[in-house]
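To start, the structure under review is shown below, and the notes come after it.
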Amino acid sequence: MKNILIIEDVEDHLEIVKLILEQHGYNVLVATNGQEGLDSAKKNLPSLVILDVVLPELNGYEVCKEMKNFPATRAIPIIMLSVRSNPEDVETAYKSGANKYITKPFNLEELVKEVKKHLGEES
Amino acid sequence: MRINGKNCYLVQKTGIQPFKRCMYCDRNVQECFGFQFFLIVVGIISLLLIMFTIRDLPILAIDITILILLMLSFLGYIASKETNEIVVGNHLLKELNDELEKRVAQRTKEAHMVNLDLQKALRIKSDFLRNMTHELKTPLTAILGYISILQEKQLGDINEKQFKILGSIQRNGQDLLHQINQLLDLSKSEANKLTMEEKWFDLDKTISEATVSVEYIASKKGINISVHTDPNIPSIYADPERTKQILVNLLSNAVKFTDDDGKITIDAKDEGEFVSISIKDTGIGISRENFKAVFEPFKQIDPEKSKKYGGTGIGLSIVKSLVEASGGKISLESEPGKGSTFKFTIPKKNG
């Protein structure tokens with residue numbers, strides 16, 4: 001079973017992503033702030049990370065950059081989720097190393113599709 | 001007061017600002033001679049009289065010199081009299097001009113400050129709108145997310161009635177999201193920051209997606225929506241999401257302002273360099289004098305009607321901004337009581 005790490009501080013958003021991923025047979029790890037998420041990523045080396053942008057401690061962009069700078073976590077795909085839809089925000093996300101940027105409110109089907117795509121499970 | 005380039009050596013040296021000018025320089029005659037002109041004249045005439053009375057003196061050369069001097073100062077006097085008014089006029093004009101310049105500078109400064117204040121206010125409003133929409137989207141994400149999970153029956157079965165209610169909540173949630181995005185777009189269009197993500201897409205598919213989003217309300221009102229697409233329309237290069245947003249806005253307006261059992265027709269045509277899409281309804285219509293106003297933000301033509309039909313008054317202004325940002329044009333044909341036709345164009349690009 002593949003591990004997916006969700007770094008998200010909004011409890012309900014975390015719960016929704018967790019429910020849908022568990023439903024699709026993934027093992028979910030959670031973190032509710034940037035630093036905790038980064039530590040967990042380095043320690044657990046998940047197959048994929050779902051990352052919010054606005055987070056306490058380290059923000060999503062910083063977590064993203066740190067993960068891409070750290071050899072062991074560099075190859076882990078990162079899907080960023082955020083309510084911010086400005087082109088500048090999207091650009092910052094991709095420049096920080098995100099593999100995909102999805103704006104909230106997100107479509108659950110689309111999220112699962114992207115997760116599968118980045119895990120190389122696309123049918 | 002100084003008249004440029006007209007001051008003689010004497011004036012330049014003494015720095016006296018002449019009030020009257022002689023014809024040779026800016027210095028007035030009296031000042032040049034050090035006493036009043038009439039004193040010179042009186043002096044010269046007395047001298048001449050004395051010389052004429054002592055006839056036997058050989059003073060012809062001095063006579064002539066004195067006569068020339070007299071003529072010259074007389075000419076200078078006339079010139080100074082003539083130019084006096086001009087100089088005074090110039091002086092007054094310059095004072096007036098200085099005053100005016102000062103006032104213009106003051107007003108320009110004030111206008112600049114007002115402009116800065118306005119820009120600041122606009123920025124604050126934009127920031128507020130952006131932050132506000134983020135705050136609104138956060139709970140909405142939770143609502144729509146949980147509804148999807150329940151709808152997909154991942155946590156257990158639900159009965160038909162419950163499923164229908166979830167559908168209603170979801171539709172209302174999506175409507176709320178649409179309104180929030182419109183607000184965000186309004187602030188972006190005010191700041192000229194509307195973004196377009198152009199790619200190749202199938203117009204037919206976009207039209208049917210847009211139609212689906214208003215179908216529910218249309219069917220409730222018994223409104224029939226028919227779509228005619230020119231089979232020659234190729235795949236077009238534009239922003240599919242923005243095109244859909246334009247269509248959804250125009251369609252929801254058409255549905256909103258068309259009474260029960262009306263008719264809406266969508267017509268897409270290939271017009272050479274453009275693809276045109278028109279949306280025709282059998283609704284309440286718009287009178288000609290209001291054609292311009294309907295595209296202005298927050299404007300609703302008839303307060304009584306807007307009470308009945310609802311709406312925020314930003315939809316059409318966003319549509320206009322979006323159409324223009326895509327390089328197209330929007331036009332309106334309508335008559336009160338006979339329905340409206342909104343037609344917009346999308347330029348054909350090569351990608």
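Computation of the quantities below employed the complete heavy-atom set of this structure, encompassing side-chain atoms and omitting hydrogens, waters and symmetry-equivalent molecules. Protein chains get the first letters and strands the later ones, always in sequence-line order, with residue 1 at the start of each.
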Heavy-atom count check: over 12 atoms from other residues, nucleotides or ligands less than 6.0 Å from [X] [atom1]?
X: B:Lys188; atom1: NZ; answer: yes
X: B:Lys199; atom1: NZ; answer: no
X: A:Lys2; atom1: NZ; answer: yes
X: A:Glu88; atom1: CD; answer: yes
X: B:His228; atom1: NE2; answer: yes
X: B:Lys343; atom1: NZ; answer: no
X: A:Glu22; atom1: CD; answer: yes
X: B:Lys221; atom1: NZ; answer: yes

Study note, to complete from the structure: Interatomic distance, CD1@A:Ile16 vs OG@B:Ser148, rounded to 0.5 Å, equals 8.5 Å
Where does [X] contact chain A at under 4.5 Å (heavy atoms): side chain, backbone, both or neither?
X: B:Glu152; answer: side chain
X: B:Leu144; answer: side chain
X: B:Leu184; answer: side chain

Check whether any side-chain heavy atom of [X] lies under 4.5 Å from a side-chain heavy atom of [Y], and answer yes or no.
X: A:Asn86; Y: B:Arg130; answer: yes
X: B:Leu155; Y: A:Leu19; answer: yes
X: B:His134; Y: A:Ser82; answer: no

Review point. For B:Lys137 and A:Lys104, which heavy atoms make the closest approach, and how far apart are they?
Key: CD-O, 3.8 Å
**Study point:** For the student: nearest non-hydrogen atoms of B:Gly145 and A:Leu108, plus distance
**Key:**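 Of all heavy-atom pairs spanning B:Gly145 and A:Leu108, the closest is O-CD1, 3.8 Å.
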**Study point:** Proximity breakdown for A:Ile20 and chain B, heavy-atom pairs closer than 4.5 Å
**Key:**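 For A:Ile20, backbone and side chain are both near chain B.
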Check your understanding: Under the 3.5 angstrom rule, does the side chain of A:His13 hit a backbone N or O of B:Thr138 as a donor-acceptor pair?
Key -> yes
Point to revise | Option in B:Leu136, B:Thr133, B:Asn181, B:Thr141 with maximal non-hydrogen atom pairs under 4.5 Å from chain A | key: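 Result: the option with the highest number of such pairs is B:Thr141.
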